[in-house]
Amino acid sequence: MPQGLSGKVALITGAAQGIGLGIASRLAQEGVHLALVDRSAEKLALAEQQLAQYGVNTTHYVANVAELSDIQQAITHAEARLGGFDIMINNAGIAQVQAIQDVTPEEFRHIVDINIGGVLWGIQAAAQKFMQRGYKGKIINAASIAGHEGFAMLGVYSATKFAVRALTQAAAKEYAAHGITVNLILDSIVDNKSL
């Protein structure tokens, strides 16, 4: 874990459970203050209770990452409640285990809006805020090993994660001049019970 994280403020999407909550727990152990973003207020409240043991400041915001305005408002909330905004972690995503021939237009649009749109809007909103603050912030996007290799029954999901890789690479080049770093996590299958 990089040095000097204590006292920083990180916003994590999809933070109420699974990998997002695991990331939040690890950052909290490093003294990072946390803004947790997810769709369920109830699960967010439970996540905050779990993170209280680390003694960091936390807040939560209910948002749909497929909506740019929701992410912008979540960042504004984090900055106001926690006194800053240093790290954006675009983790929220959904899986779709389905044969390509069975995917409907509605299912396609839903997964693309969340898995690609959520990352795009997260990058855009975070970079805008960092530049307003004159701050060289960090953006981290969560993809998957399915963003490195396409898997049967995960065709559309894999496509969205390949897109996250492309967005990350493009954003890293676009925002480098502003001192904003954009990086990628390619996670594997995890046991949510261990998080």
Side-chain angles (χ1 to χ4, degrees), residues 10-24 35-44 47 60-78 87-129 138-175 180 182-193 195:
L11 185 151
I12 306 165
T13 66
Q17 60 189 349
I19 292 171
L21 182 54
I23 292 169
L36 311 175
V37 175
D38 212 301
R39 294 179 297 181
S40 168
E42 183 179 346
K43 289 180 180 178
L44 282 168
H60 71 266
Y61 193 87
V62 177
N64 175 4
V65 298
E67 297 292 337
L68 173 59
S69 61
D70 277 19
I71 297 180
Q72 290 170 327
Q73 290 166 20
I75 290 171
T76 298
H77 172 88
I87 304 163
M88 178 72 177
I89 301 177
N90 293 305
N91 167 73
I94 57 173
Q96 184 185 77
V97 181
Q98 196 168 24
I100 290 171
Q101 67 183 14
D102 296 332
V103 177
T104 67
E106 293 76 17
E107 290 166 337
F108 173 78
R109 284 190 289 270
H110 183 60
I111 193 170
V112 166
D113 283 349
I114 293 173
N115 289 10
I116 302 175
V119 172
L120 172 61
W121 307 136
I123 292 169
Q124 189 181 99
Q128 181 181 31
K129 179 59 73 172
K138 313 286 184 202
I139 300 172
I140 301 167
N141 301 322
S144 163
I145 57 170
H148 186 267
E149 177 183 352
F151 290 91
M153 303 301 292
L154 292 171
V156 177
Y157 175 77
S158 294
T160 66
K161 295 305 182 177
F162 269 80
V164 170
R165 282 179 61 198
L167 276 172
T168 302
Q169 291 172 2
K173 293 171 183 175
E174 288 187 28
Y175 293 115
I180 299 169
V182 188
N183 290 289
L184 184 72
I185 299 170
L186 290 172
D187 53 51
S188 185
I189 297 170
V190 297
D191 178 4
N192 281 342
K193 295 175 185 173
L195 295 175

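Hydrogens, waters and symmetry mates play no part in the numbers below; they use all other heavy atoms, side chains included. Numbering of residues begins at 1 and proceeds along the displayed sequence. Remember, predicted model here, so these are calculated numbers, not experimental data.
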### Leu11 side chain reached by Tyr61 side chain, heavy atoms, under 4.5 Å
no
### Message
Does His110 form a side-chain contact (heavy atoms from CB on, under 4.5 Å) with Ile94? I'd like the steps, not just the answer.
### Response
CA-CA 9 Å; His110 183 60; Ile94 57 173; 3.4 Å; yes
### Task
For Ile100, look at atom CD1 and say whether over 12 heavy atoms of other residues, nucleotides or ligands are found less than 6.0 Å away.
no
### Task
Would you please test Asn115 and Val164 for side-chain contact (heavy atoms from CB on, under 4.5 Å) and show each step?
CA-CA 8 Å; Asn115 289 10; Val164 170; 5.5 Å; no
### Query
To the nearest 0.5 Å, how far apart are NZ in Lys43 and NE2 in His60?
14.0 Å
### Task
Give the minimum heavy-atom separation between Ala163 and Ile116, together with the two atoms involved.
CB-CD1, 3.6 Å
### Task
Could you check if a side-chain atom of Ile180 sits within less than 4.5 angstrom of a side-chain atom of Glu174, using non-hydrogen atoms only?
no
### Query
Can Glu107 and Gln96 be counted as having a side-chain donor-acceptor contact under 3.5 angstrom?
no
### Summary
Correct closest heavy-atom pair for Ala78 and Ala35 would be CB-CB, 3.5 Å
### Min side-chain heavy-atom separation Leu167-Asn141 under 4.5 Å
no
### Task
First locate atom OH of Tyr175, then atom CD of Gln128, and finally report the distance between them rounded to the nearest 0.5 Å.
8.5 Å
### Message
If you compare all heavy atoms of Ile111 against all heavy atoms of Ala95, which two are closest, and at what distance to 0.1 Å?
### Response
CD1-C, 4.3 Å
### Task
Compare all side-chain heavy atoms of Thr13 with those of Ile89 and state whether any distance is below 4.5 angstrom.
no
### Query
Is there a donor-acceptor pair under 3.5 Å between the side chain of Asp70 and the backbone N or O of Asn64?
yes
#### Entry: Between CG on residue Leu44 and CZ on residue Arg39, distance to nearest 0.5 Å
11.0 Å
### Task
Kindly give the heavy-atom pair with the smallest separation between Ile75 and Ala126, and that separation in Å.
CD1-N, 3.6 Å
### Query
Minimum heavy-atom separation for Ala24 to Leu36, with atom names?
CB-CD2, 4.0 Å
#### Entry: Glu42, CD: over 12 other non-hydrogen atoms inside 6.0 angstrom
no
### Query
Got a donor-acceptor contact below 3.5 angstrom from the Asp38 side chain to the Ala15 backbone?
yes
### Query
Can you tell me how far the CD1 atom of Ile87 sits from the CD1 atom of Ile12, to the nearest 0.5 Å?
8.5 Å
### Task
Check whether any side-chain heavy atom of Met153 sits under 4.5 Å from a side-chain heavy atom of Phe151, and report yes or no.
no
### Query
What are the two closest non-hydrogen atoms of Lys161 and Ser144, and how far apart are they?
CG-CB, 4.0 Å
### Query
Between Ile71 and Val65, is any pair of side-chain heavy atoms under 4.5 Å apart?
yes
#### Entry: Flag side-chain contact, heavy atom, 4.5 Å: Arg165 against Leu186
yes
### Query
Out of curiosity, Ile140 CD1 to Ile23 CD1, how far, rounded to the nearest 0.5 Å?
8.0 Å
## Note on the structure
Rounding to 0.5 Å, atoms CG (Leu120) and OG1 (Thr168) come to a distance of 10.5 Å
